[in-house]
Structure formats: structure tokens, C-alpha cells
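This is a predicted model, so every value here is computed, not measured. One-based numbering, in listed order, for ligands and for the atoms of each.
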Amino acid sequence: MRKRLRLGIMGGTFDPIHYGHLVTADEALVQFNLDRVLFMPTGEPARKTHRQVTSAEHRYLMTVIATASHPDFAVSRLEVDRPGVTYTVDTMLELRSIHGPDAELFFITGADAVLDILTWKDSHRLADVCTLIAATRPGHDLAEFSRHAAEAGLAVEVMEVPALAISSTDIRERMASRRPVRYLLPEAVATYAEKNALYRGGL
Ligand code: NAP
């Protein structure tokens, strides 16, 4: 009998991608016995109007650079190439049609983003298509989180990842003020950002 594909989809803006994201994906691979993790940088974000997000092409390329050396990581252009606002449910339905009804899909993202789920387009349909995995740093209020998920009638797996103390916002601030980022993200990603002057002008 053919083994069912267990595919993790790591959704995020990745502006920029950092070790917290990479550790989260690696941890999910093991904890959920996944065959591979597909990083899915957002195209035009559904939310986030409060700041200018770096172009999808730069964020995609930084994600490729960061994941290149891991044998079970890959990067998708699905959302980057989709015109207009991106909804996770559309992405999952597209992946479902690519991989067939037997594939098991796991959507992994930050807990704060999952909390937003109530307001997402077709969140219940999303939960029907995939397992939701919320990644959080230790100390996050998990009881509160579970209450919100239960109220929404959604089953969410939670994963605590200490490396998520690293944040893209902090990295952008550090790069803008020329403070060190060496141990927060892959050196090649930092060099790419520097070379393209991505975070020099502040946030
Ligand atoms: P965000 O609001 O920028 O991030 C919220 C928090 O989660 C931040 O602390 C962020 O840290 C963290 N985070 C984001 N992605 C993560 C990941 N893959 N692993 C671990 N932590 C992560 O969230 P976002 O990046 O815009 O959205 C996350 C995902 O949810 C994307 O795939 C997006 O398409 C999806 N989403 C969909 C809808 C919709 O369908 N309507 C609406 C909202 C979000 P960093 O800043 O350090 O990454």
C-alpha cells in the first residue's frame, strides 16, 4: 500500500526568515512525522496594513537561501505568484488538488496568526482541509489560546519553540540601527538583505 504523504506547510511573511522559523519547521517535521515542509511566503498579505512589507520576490529568495541546505525543506511560489490578496484556505485547497485526497496537510504558523483565524476567510473550511499547528515561544498564554480555539470550534495543535524568541520585527529594527544579527538568522540571508538595502530605512 502506498504511504500517505504528510506535508507540512509553513506559512509566513518571512520578512525576513530567521532561525526561529527554521527551528519551528524542523521541530514540526519530527513531532508530526512529516515527509517534508513546504515554506509558503505570503504574496500580498491579507492583513498588515500598518507597515510596508518587503516585496514578495525578495522574501521568497531569502526563504530559498535559508532553506537550501535542508534535505526535507522546499519553498513554494504559490502565494507569491497569485495576484491579489492571499487567503490560506485557497492555498490549502490548491495543494489538496495538486497532491490528491490522500495527502495529509499540516498548516504551521505563529500562534498569534492562528488566533486571528476567527476572522480568516472560511476558517472552518480550512480546518477541514488541514491540521492547524500553532507555534509559540514558551510563556505564551496557552490556556487563553486554547479557549479561543475551542470557542471557534477549531482543533489546533500547539508547539512550543524556544527559538521563537527571535522575531522578524526585532531583526528589522536591528538591521536599521546597524546592531548585530549574526546569530538570529542565516548569514547568507543577512548578507542578501544588506546587499539589497532591505531594512536600512527603518520599518
Ligand atoms: P504575522 O501577523 O506577521 O505574525 C504573527 C506572529 O507569528 C509573529 O510573532 C510572527 O513572528 C509569528 N510567525 C509568523 N509566521 C510564523 C511561522 N511560520 N512560524 C512561527 N512563527 C511565525 O503573521 P503573518 O506572517 O502575516 O501570517 C502567518 C500566516 O498566516 C501566513 O501564511 C498568512 O498567509 C496566514 N494568514 C492568513 C490569513 C487569511 O487567510 N485570511 C490571515 C492572516 C494570516 P515573525 O514576525 O518573527 O515571523
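The distance from ligand 1 to the heavy atoms of Tyr87 drops below 4.0 Å at these ligand atoms: 39 (C), 40 (O), 41 (N). For ligand 1, the atoms lying closer than 4.0 Å to a non-hydrogen atom of Met10 are 17 (C), 18 (N), 19 (N). Atoms of ligand 1 found under 4.0 Å from any heavy atom of Thr42, numbered from 1 in the order shown, are 31 (C), 32 (O), 33 (C), 34 (O).
In this pair, Phe14 and Phe39 present their aromatic rings tilted. The plane angle is within the 30 to 60° band.
Every N/O-N/O distance between Phe107 and ligand 1 stays at or above 3.5 Å. Some N or O of His18 is nearer than 3.5 Å to an N or O of ligand 1, by distance alone. Of the polar atoms of Thr13, at least one N or O is found under 3.5 Å from an N or O of ligand 1, judged by distance alone. Below 3.5 Å of separation, one finds no N or O of Thr24 facing any N or O of ligand 1.
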Under 3.5 Å, side-chain donor or acceptor atoms of residues 180-190 against the rest of the protein: list the pairs with distances, not counting sequence neighbours.
none

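Residues meeting the side-chain contact (heavy atoms from CB on, under 4.5 Å) test with Arg125, sequence neighbours left out: Val89, Leu93, Asp122.
Residue-level proximity to ligand 1 for Thr88 is carried by backbone and side chain together, each with a heavy atom below 4.0 angstrom. Within the 4.0 Å heavy-atom criterion, neither part of Phe39 lies near ligand 1. Residue contacts with ligand 1, taken as heavy atom pairs separated by less than 4.0 Å, do not involve Leu126 at all. No part of Met40 comes within 4.0 Å of ligand 1, judged by heavy-atom distances.
For the residue pair Asp26 / His70, a side-chain donor-acceptor distance below 3.5 Å is found, with atom types taken as modelled. For the residue pair Thr54/Asp15, the side-chain donor-acceptor check at 3.5 Å is satisfied. Side-chain N/O atoms of Arg82 and Thr91 include a donor and acceptor closer than 3.5 Å.
For the pair Arg6 and Phe106, the cation-pi criterion (under 6.0 Å, within 45° of the ring axis) is not fulfilled.
The closest non-hydrogen atom to atom 5 (C) of ligand 1, taken over Asp15, Ile166, Asp112, comes from Asp112. Counting only non-hydrogen atoms, the option in Gly110, Ala134, Ser123 that gets closest to atom 12 (C) of ligand 1 is Gly110.
Between Glu57 and Arg77 a salt bridge is recorded (basic side-chain N to carboxylate O distance below 4.0 Å).
Ligand 1 has His21 within reach: a non-hydrogen atom of the residue lies less than 4.0 Å from it.
Side-chain atoms of Arg4 do not come within 3.5 Å of backbone N or O of Glu104 as any donor-acceptor pair.
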